[in-house]
Amino acid sequence: PVQILSYLGGRVKVEETDLKHRMGFLYPILTHNISVFINATREQDSGQYMCTVNVMDDPIRLGKNIGIINLTVLVPPAAPTCQLHGNAIVGANVTLSCSSNKGKPSPMYQWQREPPTLQVFFPPAQDRARGTLKLTNLSLEMSGVYVCRAENQAGSKNCSIVLEV
C-alpha cells in the first residue's frame, strides 16, 4: 500500500502521487468525518483504498480501526468500428463486426437495421459480447443501413455500415 493522504499532528499532508492535486478530505478533520474526495477520476484510480484511524491514548482494537473500499472507475465505450466480412452477393453469408477499444466494464453490442425496414437481432445471429451479426442467405431486400451500439453502465456509442447486396 502507498500512503496518499494523512492528518497527523494537526496537519493535512497529501503525498506526491498522481492524486496529489485531485484529492483531499471532504470535511474539516475536527468534524470527525474523514471522508475523502477524488476529482477528475481516471481509470487508473480504480483499486482498493484503505483508511486507518489511530487516536492517541486510545487502546487499538485490532481490525476495528481500518476501513477498506474498492473503487472501480467506469469508462464509457470509445466509438466502435463497424466492419463487413465476406462478399455481399445474393445467396452468400456475411458477418458484420463491431468493436470498441475502450470501455470498463467491457461493452456489450447491439445490432439493428435502420428504418424504413427496422429490424432488431437476437442470438444466435447476434453475439452481444463479441459484437458480431451473422447474416445468411443474403437477398436484395437485406440491403440497408446497419447500426451497432456499444454500451456499458457508463455510456454508449454507435457506428454504422451500409450493406449493399
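What you see is a predicted model, and the numbers here were worked out from it, not measured in a lab.
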Inset, instruction - Determine whether more than 12 heavy atoms belonging to other residues, nucleotides or ligands lie under 6.0 Å from atom CG of N87. - result: no
Legend entry - Residue pair P105 / L74, side-chain heavy-atom distance below 4.5 Å: yes
Inset, instruction - Return the orientation label for the F121 and Y146 ring planes: parallel under 30°, perpendicular over 60°, tilted otherwise. - result: parallel
Inset, instruction - Verify side chain to side chain contact (heavy atoms under 4.5 Å, CB included) between R22 and R42, making sure each step is shown before the conclusion. - result: CA-CA 11 Å; R22 301 185 293 123; R42 303 172 186 160; 3.5 Å; yes
Inset, instruction - Report yes if some heavy atom in the side chain of L135 is under 4.5 Å from a heavy atom in the side chain of L163; otherwise report no. - result: yes
Legend entry - side chain to side chain contact (heavy atoms under 4.5 Å, CB included) between L96 and T132, intermediate numbers included: CA-CA 6 Å; L96 303 182; T132 56; over 6 Å; no
Inset, instruction - Kindly give the heavy-atom pair with the smallest separation between K104 and S46, and that separation in Å. - result: NZ-OG, 3.3 Å
Legend entry - Pairs satisfying side-chain hydrogen bond (donor to acceptor under 3.5 Å, both in side chains), at least one member in residues 88-103, at least two apart: H85-S97
Legend entry - Non-hydrogen side-chain atoms of Q126 and R128 separated by less than 4.5 Å: yes
Inset, instruction - Hey, could you give me the OG1/CD distance between T72 and E43, rounded to the nearest 0.5 Å? - result: 10.5 Å
Inset, instruction - May I ask you to test the L138-V90 pair for a side-chain heavy-atom distance under 4.5 Å? - result: no
Inset, instruction - For Y109 and A150, work out which heavy atoms get closest and say how close. - result: CE2-CB, 3.6 Å
Inset, instruction - Measure the shortest side-chain to side-chain distance between V147 and W111 over non-hydrogen atoms and say whether it is less than 4.5 angstrom. - result: no
Inset, instruction - Please step through side chain to side chain contact (heavy atoms under 4.5 Å, CB included) for the pair I38 and Y49, ending with a clear verdict. - result: CA-CA 12 Å; I38 301 175; Y49 290 79; 4.0 Å; yes
Inset, instruction - Check whether any side-chain heavy atom of E151 lies under 4.5 Å from a side-chain heavy atom of M108, and answer yes or no. - result: no
Inset, instruction - Would you indicate whether F37, at its atom CZ, is surrounded by more than 12 heavy atoms from other residues, nucleotides or ligands within a distance under 6.0 Å? - result: yes
Legend entry - Greater than 12 external heavy atoms within 6.0 Å of Q44's CD: yes
Legend entry - Distance (rounded to the nearest 0.5 Å) between T52 OG1 and I68 CD1: 8.0 Å
Inset, instruction - Taking only Lys NZ, Arg NE, NH1 and NH2, and the carboxylate oxygens of Asp or Glu, determine whether D127 and K134 approach each other closer than 4.0 Å. - result: no
Legend entry - Side-chain heavy atoms of C51 within contact of I66, under 4.5 Å: no
Inset, instruction - Drop me the distance from I4's CD1 to E16's CD, to the nearest 0.5 angstrom. - result: 13.0 Å
Legend entry - Exercise: identify the closest heavy-atom pair between L71 and D45: CD2-O, 3.7 Å
Legend entry - Side-chain touch F25/V12, heavy atoms, less than 4.5 angstrom: yes
Legend entry - Evaluation steps, side chain to side chain contact (heavy atoms under 4.5 Å, CB included), between V36 and L5: CA-CA 9 Å; V36 297; L5 182 64; 3.5 Å; yes
Inset, instruction - Return yes when atom NZ of K20 has more than 12 non-hydrogen atoms of other residues, nucleotides or ligands closer than 6.0 Å, and no otherwise. - result: yes
Legend entry - Main-chain N/O of V75 paired with N152 side-chain donor or acceptor, under 3.5 Å: yes
Legend entry - Sub-2.5 Å SG contact, C148 and C159: no
Identify each donor-acceptor pair in which a side-chain atom of residues 112-119 lies under 3.5 Å from a protein atom, sequence neighbours left out, and give them as a table.
from	atom 1	to	atom 2	distance (Å)
Q112	NE2	E114	OE2	3.0
R113	NH1	E141	O	3.2
R113	NH2	E141	O	2.5
R113	NH2	S143	O	2.7

Inset, instruction - Mind checking the OG-CD spacing from S6 to E15? Nearest 0.5 Å is all I need. - result: 5.5 Å
